[in-house]
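Working notes, structure below.
Keep in mind that the numbers below use all heavy atoms, side chains included, and drop hydrogens, waters and symmetry copies.
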2 protein chains.
Amino acid sequence: MRSLKFKNNKLFYLDQTKLPGKELWRNCATIKSGWKAIKNLKVRGAPLIGVFAAYCICIHLDKLSKKKNVFLRQLKQSLKYLESARPTAVNLFWALDRLGKVSLQSRQKEVKQIKKNIVKEAKLIHQQDIITCKHIADYGVNLVKKNETILTHCNTGFLASSGQGTALGIIFKTKKQGKNPTVYIDETRPLLQGARLTAWELNKKKIKSFLITDNSAAFLMQNKQIDKILVGADRITASGDTANKIGTYNLAILAKYHNIPFYVAAPLSTFDLSLKKGSDIVIEKRGQKEVKKVLGQALICPKETKAANFAFDVTPSKLIKAIVTDKGVIYPPYEKNIKKLIK
Amino acid sequence: MRSLKFKNNKLFYLDQTKLPGKELWRNCATIKSGWKAIKNLKVRGAPLIGVFAAYCICIHLDKLSKKKNVFLRQLKQSLKYLESARPTAVNLFWALDRLGKVSLQSRQKEVKQIKKNIVKEAKLIHQQDIITCKHIADYGVNLVKKNETILTHCNTGFLASSGQGTALGIIFKTKKQGKNPTVYIDETRPLLQGARLTAWELNKKKIKSFLITDNSAAFLMQNKQIDKILVGADRITASGDTANKIGTYNLAILAKYHNIPFYVAAPLSTFDLSLKKGSDIVIEKRGQKEVKKVLGQALICPKETKAANFAFDVTPSKLIKAIVTDKGVIYPPYEKNIKKLIK
């Protein structure tokens with residue numbers, strides 16, 4: 001189960017907009033098609049877009065100048081260009097920043113060697129992401145008891161990362177340990193990552209699950225059908241405030257009201273300590289069509305109707321019971337404990 | 001603007017499953033097709049299905065026996081039959097119950113006269129519903145200030161009643177008074193009554209509105225975009241606990257958390273004083289397909305995925321700021337004040 005492949009300097013990805021109907025692998029041959037794949041959510045999931053963007057740089061290296069000065073300037077432009085694909089998930093910036101640092105560190109070397117170092121770093125980011133997912137699952141699995149029912153939102157599994165995922169990765173591990181989880185899946189409008197991707201992953205892993213509309217969660221909680229909530233993250237500030245798919249903040253409030261523990265799972269690369277609090281996070285606003293249509297099909301409303309489409313929301317850390325990372329579980333007080341873990 | 005017509009003992013209705021794409025009027029020629037129209041939500045909205053069901057009895061009267069005893073028995077069966085179309089909205093039961101009472105009161109009369117009395121009562125229910133909507137709007141409009149932004153859920157306008165509606169009726173009146181309302185519309189999955197019907201009604205009334213996914217409401221509240229929430233109701237208990245479209249309870253919790261007033265608007269016929277509290281209300285569970293597909297089109301999830309589809313939820317009265325009725329606005333303590341209003 002994986003969502004991208006990089007071999008002989010060729011980059012392939014599973015087109016996630018075609019799932020679950022079709023498992024379509026595409027070759028990403030240019031940086032521009034990589035940018036579009038991220039922008040149009042063919043490749044999505046905070047950890048995955050970091051790895052994918054790094055490889056997009058790799059396939060672009062041979063198109064850059066052989067003169068070092070020009071090469072370094074063009075490389076910098078290429079990194080900037082890919083960063084512009086999506087504004088909220090920080091993993092994209094984090095991965096590209098690592099490549100930028102490598103190029104700076106190798107700037108005394110020949111262009112050929114700089115390229116090699118960049119490709120090496122991209123592969124390292126990829127390998128680390130796989131291990132990171134394992135560690136998140138190892139830490140997170142202890143939070144889930146036998147026969148519990150978990151609510152999740154959007155998609156955070158092997159489609160969202162290069163490993164087994166973050167929140168879903170934890171659920172996969174509980175299944176492996178024989179804890180027999182049941183999962184309620186928020187469909188996650190507008191782009192239905194829950195219905196299309198999470199339902200598909202849970203089927204592949206033979207985990208009992210039920211799809212629900214996003215507005216059903218409160219009813220289930222009221223009727224004691226949910227033991228805990230596990231979600232991923234796109235950016236976490238120094239205070240623990242967490243940006244994630246629109247609807248996450250909604251769930252966090254409902255969880256608080258019903259006294260249900262609400263957990264976030266994310267690699268350390270999702271933390272952005274340059275930001276103090278949630279309101280500093282840039283929230284991506286996307287096109288109206290994603291709301292006005294479903295799966296790009298017929299309009300669900302009159303054509304003259306206007307729609308508002310915010311791709312993410314921010315959950316204040318006070319609503320989060322704990323953040324599961326690859327270096328351990330972080331509990332409040334977040335500001336202090338995040339600083340302690342990320343030195 | 002109306003959603004049903006009854007003339008020369010013929011019943012016509014606007015097929016709401018075809019909106020907003022098509023304004024298709026259908027003739028309801030048999031009680032069975034009436035039952036199906038309610039079951040399949042071609043006719044929907046708590047007040048409207050009461051009126052429609054009453055007229056379904058009217059068009060059925062000539063198919064009943066001319067012998068009084070048999071007639072009365074068959075009539076009773078017909079009332080029971082229509083009641084079975086949907087379990088949650090009490091207006092259906094309330095309207096049919098009124099026809100049942102009329103037949104009992106007239107049981108000494110000839111069959112012909114009993115029939116006349118039933119048709120008269122059905123027309124009275126219809127006329128009263130129109131007036132009821134007016135009164136709700138008159139009382140509710142005072143709760144809305146100039147330039148306020150209102151969030152609403154599902155559809156509660158002229159498609160949901162025989163008049164101008166309940167919650168939407170109030171919004172229409174604020175527009176008429178020059179209060180310049182802005183409305184955020186929850187799309188209201190799974191059947192998208194917000195996107196399909198409310199957006200359509202607000203366009204017809206030239207009221208500024210924005211369609212949002214159901215999971216966006218918390219984000220908007222956090223960003224101070226919502227001044228108040230106005231919804232309808234399908235059944236209200238003696239304690240003020242309110243069953244309404246799935247997702248309403250969700251909104252009520254979010255409103256409480258953000259300190260935004262949450263109002264319910266409903267005619268007195270929506271109150272069911274035989275029920276003490278919300279947990280006594282039967283919640284309709286509908287088919288999986290409504291969740292697994294959108295507008296009956298392509299699947300949004302793998303075909304083997306199971307879905308849970310609860311049509312309604314129950315909002316405890318402690319989350320409701322006030323209930324706007326046709327006899328006035330009811331504030332807490334609800335048990336006492338509901339009893340006082342409905343004698």
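The shortest non-hydrogen separation linking B:Thr198 to B:Cys154 is OG1-O, 2.6 Å.
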Test side-chain hydrogen bond (donor to acceptor under 3.5 Å, both in side chains) on A:Asn155 and A:Arg44 and set out the steps. CA-CA 9 Å; A:Asn155 173 263; A:Arg44 33 83 33 218; 2.9 Å; yes

One pair to check against ring-ring contact (aromatic ring centres under 6.0 Å, His included): B:Phe262 and B:His153. What are the steps and the verdict? CA-CA 12 Å; B:Phe262 178 90; B:His153 192 69; 9.7 Å; no

Stepwise side-chain hydrogen bond (donor to acceptor under 3.5 Å, both in side chains) test for B:Asn244 and B:Thr242: CA-CA 6 Å; B:Asn244 191 43; B:Thr242 295; over 6 Å; no

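Only the side chain of B:Asn203 comes within contact range of chain A, with at least one heavy atom under 4.5 Å from a heavy atom of that chain. With a 4.5 angstrom heavy-atom cutoff, A:Leu251 does not touch chain B via any of its atoms. Using a 4.5 Å cut-off between heavy atoms, B:Phe219 touches chain A through backbone and side chain atoms alike. For a residue to count as touching a neighbouring chain, one of its non-hydrogen atoms must lie under 4.5 Å from one of that chain's; by this rule B:Leu220 touches chain A with the side chain only. Heavy atoms of B:Leu191 lying under 4.5 Å from chain A are absent altogether. Contacts of B:Pro20 with chain A are made by side-chain atoms alone, with heavy-atom separations under 4.5 Å and no backbone atom involved. When heavy atoms are compared at a cutoff of 4.5 Å, B:Ile185 does not approach chain A at all. Proximity to chain A is limited to the side chain of B:Leu295, based on heavy atoms less than 4.5 angstrom apart. If you measure heavy-atom distances from A:Ser209 to chain B, the contacts under 4.5 Å come from the backbone alone.
Ranked by heavy-atom pairs under 4.5 Å with chain B, the first of A:His258, A:Glu290, A:Met221, A:Lys303 is A:His258. Ranked by non-hydrogen atom pairs under 4.5 Å with chain B, the options A:Asp313, A:Thr305, A:Asn309, A:Ile253 are led by A:Ile253. Between chain A and the options B:Leu254, B:Leu197, B:Leu202, heavy-atom pairs under 4.5 Å are most frequent for B:Leu254. Ranked by heavy-atom pairs under 4.5 Å with chain B, the first of A:Ile300, A:Leu192, A:Asp186 is A:Ile300. For the set A:Gln222, A:Glu187, A:Lys208, the entry with the most heavy-atom pairs within less than 4.5 Å of chain B is A:Gln222. The choice from B:Ala195, B:Ala307, B:Ala298 that makes the most heavy-atom pairs within less than 4.5 Å of chain A is B:Ala195. Between chain B and the residues A:Lys245, A:Glu304, A:Gln297, the largest count of heavy-atom pairs under 4.5 Å involves A:Gln297.
Ion pairing between B:Lys204 and B:Glu23 holds under the 4.0 Å rule for side-chain N and carboxylate O.
The aromatic rings of B:Tyr249 and A:Tyr257 stand perpendicular to each other, their planes meeting at an angle above 60°, with 30° marking the opposite boundary.
Of the possible donor and acceptor atoms, none in the side chain of B:Lys277 sits under 3.5 Å from a partner among the backbone N and O of B:Thr237.
Here the side chains of B:Ile320 and B:Tyr334 are in contact, with some heavy-atom distance below 4.5 Å.
Each of B:Arg2, B:Glu201, B:Lys205 was checked for a side-chain hydrogen bond (donor to acceptor under 3.5 Å, both in side chains) with B:Gln164, and the lone residue meeting it is B:Lys205.
In summary, the side chains of B:Asp15 and B:Thr17 do present a donor paired with an acceptor at a separation below 3.5 Å, with no hydrogens or angles considered.
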